[in-house]
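Below, all heavy atoms of this structure are taken into account, side chains as well, without hydrogens, waters or symmetry copies. Note that this is a predicted model, so its numbers are computed, not measured. Naming convention: chains lettered A, B, ... in sequence-line order (proteins, then strands); numbering from 1 in each chain.
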Amino acid sequence: MKRITIAEAGRHVGETVQIPGWLYNLRRSGKVIFPLVRDGTGIIQCVAVKSALPEQTFEMLRDLTQESSLIVIGKVRADARAPGGYELDVEGAELIQRVPESDPYPITPKEHGVEFLMDHRHLWIRSRRQHAILRVRHEVVRAIREYLDNHGFTLVDTPIFTPAACEGTTTLFETRYFDEGVVYLTQSGQLYNEATAMAFGKVYCFGPTFRAERSKTRRHLTEFWMVEPEMAYATLEDVKELAEDLIVYVVGRVLENRRQELATLERDTSRLERVQKPFARISYDEAVKLLREKGSPIEWGGDFGGPDETILGEAFDRPVMVDRFPASIKAFYFEPDPERPEVVLGVDVIAPEGYGEIVGGGQRIHRLELLLERLEQHRLAREIFDWYIDLRKYGTVPHSGFGMGIERFVAWICGVEHVRETIAFPRMLYRTRP
RNA sequence: UCCUCAGUAGCUCAAUGGUAGAGCAUCCGGCUGUUAACCGGAGGGUUGCAGGUUCGAGUCCUGCCUGAGGAGCCA
């Protein structure tokens with residue numbers, strides 16, 4: 001007898017098969033019971049009729065508790081009444097483990113609060129909605145890698161332990177490192193990307209990053225994943241095109257391959273269909289003007305706050321790219337605009353519908369003298385950056401790149417309120433468990 | 001660090017300063033097409049903690065703890 005997954009059920013109509021899984025829910029109606037079995041690939045409604053089964057099997061199924069593990073055996077049948085399109089007429093079942101009723105599965109098919117669900121995150125990820133979000137995340141990650149791999153980028157991952165900050169030290173997690181004293185958990189692979197880009201041309205790193213910010217909002221985690229492409233011989237304009245092309249591609253792949261999950265999430269996909277080239281492109285100056293017209297108190301020279309990003313995002317029907325920020329609000333490594341030295345060649349991509357900044361990047365300083373000047377201005381110790389300075393001594397070229405935050409991106413695609421739902425085990429200001 | 005809101009049954013929530021209650025979950029019973037099934041019944045409480053006001057506090061006051069949303073900072 002063939003063992004199949006629920007996703008494959010459609011190819012086995014009329015066959016008797018085994019499906020190993022867990023009891024998602026159970027409805028009873030006297031002599032007919034309807035166990036809903038999930039297996040990670042989907043959920044299938046089974047139909048167990050008393051007269052067609054040994055008494056022991058029927059009673060075992062009838063009294064089965066939520067999330068008990070079992071292997072159901074039965075014949076696959078197409079049925080218009082079934083949510084997935086297929087049902088399984090039960091012919092037998094093997095119980096693997098019965099969840100005791102004295103300690104029932106805590107997550108019921110009813111409503112629960114945030115704290116309770118987060119405490120049970122290890123179980124919550126079995127639920128339909130959470131499951132759908134994490135499948136979309138997987139698709140997003142796969143599409144990003146597919147895109148970059150197909151466009152000549154080499155994956156060169158960068159270290160997690162780092163001796164120094166990319167941007168200020170206040171937001172770094174410290175950790176003890178043998179006899180070296182304190183090292184930090186990376187907040188970006190960018191500086192290393194600049195080295196690997198000079199070795200490989202076009203590179204990216206993809207991994208977790210850490211920010212010790214005491215932020216407690218729906219857009220923040222202390223540990224989040226970022227993909228960071230970096231290109232040698234590339235300018236701000238090249239980076240804007242790459243970001244635009246990548247985002248359009250990834251959104252397209254999710255729409256293509258994860259329709260069902262987006263439906264489960266009740267995502268308005270028409271908003272995603274509109275994510276096509278070209279994105280709106282405005283300068284920081286124009287953004288400030290627009291924000292002030294819409295009532296923001298922002299002054300030229302200030303950074304966007306959360307509400308500002310929301311206003312900007314909602315002003316356009318697709319992501320908007322904002323470039324040329326005041327040098328004073330950006331990190332030390334941004335290349336100044338040759339025509340306006342007070343602004344730098346940086347760009348942020350802001351997602352629509354209030355999801356905020358999903359991409360940040362730009363052109364890096366490539367001239368040695370300017371880099372040394374900037375390090376000094378930012379009071380960054382030259383010794384720590386010796387290897388980074390070397391990159392400007394040995395064949396320096398204009399180069400550019402960006403970072404894209406995976407959780408914010410996935411939150412936007414899924415239309416979920418909080419980034420904590422877009423990673424299996426979120427790390428936040430006041431939560432490191434489970 | 002600051003601001004706002006909230007903590008009552010395993011969960012989600014009710015309860016004018018006057019006998020702590022419902023739905024779900026659990027248990028018992030009923031139902032041959034249920035769709036967060038439904039119907040009948042049962043058990044289940046240190047009302048976050050410590051004080052205070054009051055004849056009487058889940059409710060009002062003070063402090064603390066925990067959680068949520070936000071600000072700053074950021075992807």
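Contact of A:S215 with B:C73 (side chain to base): a donor-acceptor pair of N or O atoms is detected under 3.5 Å. For A:H112 against B:C11, a side-chain-to-base donor-acceptor contact under 3.5 Å is absent. The base of B:G7 is not paired with the side chain of A:E115 by any donor and acceptor separated by under 3.5 Å.
Aromatic ring pairs are classed by plane angle as parallel below 30°, tilted from 30° to 60° and perpendicular above 60°; the pair A:F325 and A:Y284 is tilted. In this pair, A:W412 and A:F409 present their aromatic rings perpendicular. The plane angle is above 60°, beyond the 30 to 60° band.
As judged by a 4.0 angstrom heavy-atom cut-off over every strand, A:E407 is placed among residues making no nucleic acid contact. Backbone-only contact: A:F116 has heavy atoms under 4.0 Å from sugar-phosphate atoms and none from a base. As judged by a 4.0 angstrom heavy-atom cut-off over every strand, A:V359 is placed among residues touching the sugar-phosphate backbone only. Using a 4.0 Å heavy-atom distance criterion, A:S51 is classed as a base contact. If you check every strand for non-hydrogen atoms under 4.0 Å, A:G113 touches sugar and phosphate atoms only. At the heavy-atom level, A:D348 lies nowhere under 4.0 Å from the strands shown. Within 4.0 Å of A:G306, counting heavy atoms only, lies at least one base atom of the nucleic acid. At a threshold of 4.0 angstrom between heavy atoms, the contacts of A:I107 with the nucleic acid are absent. At a threshold of 4.0 angstrom between heavy atoms, the contacts of A:S29 include nucleobase atoms, whether or not backbone atoms are also involved. Contact annotation for A:E87: base contact, defined as any heavy-atom pair under 4.0 Å involving a base atom.
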Under the 3.5 Å Watson-Crick or G-U criterion, the dot-bracket string of RNA chain B, with | for inter-strand pairs: (((((((..((((....[..)))).(((((.......))))).....(((((..]....))))))))))))....

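Between A:E273 and A:R259 a salt bridge is recorded (basic side-chain N to carboxylate O distance below 4.0 Å). The existence of a salt bridge linking A:R281 and A:D323 is excluded, since no basic side-chain nitrogen approaches an acidic carboxylate oxygen closer than 4.0 Å.
Straight-line distance from the CZ atom of A:R420 to the C1' atom of B:G70: 13 Å, rounded to whole Å. Following rounding to the nearest Å, A:H418 (NE2) and B:G67 (C1') show an atom-to-atom distance of 12 Å. Spacing between atom CD1 of A:I33 and atom C1' of B:C38 amounts to 16 Å, rounded to whole angstrom units. The NZ-C1' distance, from A:K216 to B:C5, rounds to 11 Å in whole Å. Nucleotide B:C74 holds its C1' atom 19 Å from the CZ atom of A:F409, rounded to whole Å. Computed from coordinates, the A:L117 CG to B:G67 C1' distance equals 13 Å when rounded to whole Å. Here the P atom of nucleotide B:G69 and the CE atom of A:M118 are 10 Å apart, to the nearest Å. If you measure from atom CG of A:D119 to atom P of B:A68, you get 9 Å, rounded to the nearest angstrom.
A distance of about 14 Å separates the C1' atoms of B:U47 and B:A6, rounded to the whole Å. Between B:G7 and B:G48, the distance separating the two C1' atoms is 6 Å to the nearest Å. Remark: the separation of the C1' atoms in B:U62 and B:U19 is 29 Å, to the nearest Å.
Side-chain polar atoms of A:Y355 and A:E309 form no donor-acceptor pair below 3.5 angstrom.
Nearest-nucleotide positions on RNA chain B place A:R77 closer to the 5' end than the other of A:R27 and A:R77. Remark on RNA chain B: of its neighbouring residues A:R214 and A:E111, the 5'-side contact belongs to A:E111, judged by nearest-heavy-atom nucleotide.
Residues A:Y333 and A:F385 place their aromatic rings such that the two centres sit no closer than 6.0 Å.
For the OP1/OP2 pair of B:G70 and a distance below 4.0 Å, the side-chain nitrogens and oxygens of A:R218 include at least one atom meeting the criterion.
Although no hydrogens or angles enter the test, the distance criterion places a donor-acceptor pair under 3.5 Å between the side chain of A:T41 and the main chain of A:I6. Of the possible polar contacts, one joining the A:R318 side chain to the A:Q276 backbone as a donor-acceptor pair under 3.5 Å is found. Judged by distance alone, with hydrogens and angles left aside, the side-chain atoms of A:D119 form no donor-acceptor pair with the main-chain N or O of A:F116 at under 3.5 Å. A donor-acceptor pair under 3.5 Å is formed between the side chain of A:H418 and the backbone N or O of A:R420.
By the side-chain hydrogen bond (donor to acceptor under 3.5 Å, both in side chains) test, A:E241 is found to be paired with no residue, residues two or more places apart in sequence or in another chain being considered.
If you check residues 58-69 of chain A against RNA chain B, you find no residue with a heavy atom closer than 4.0 Å.
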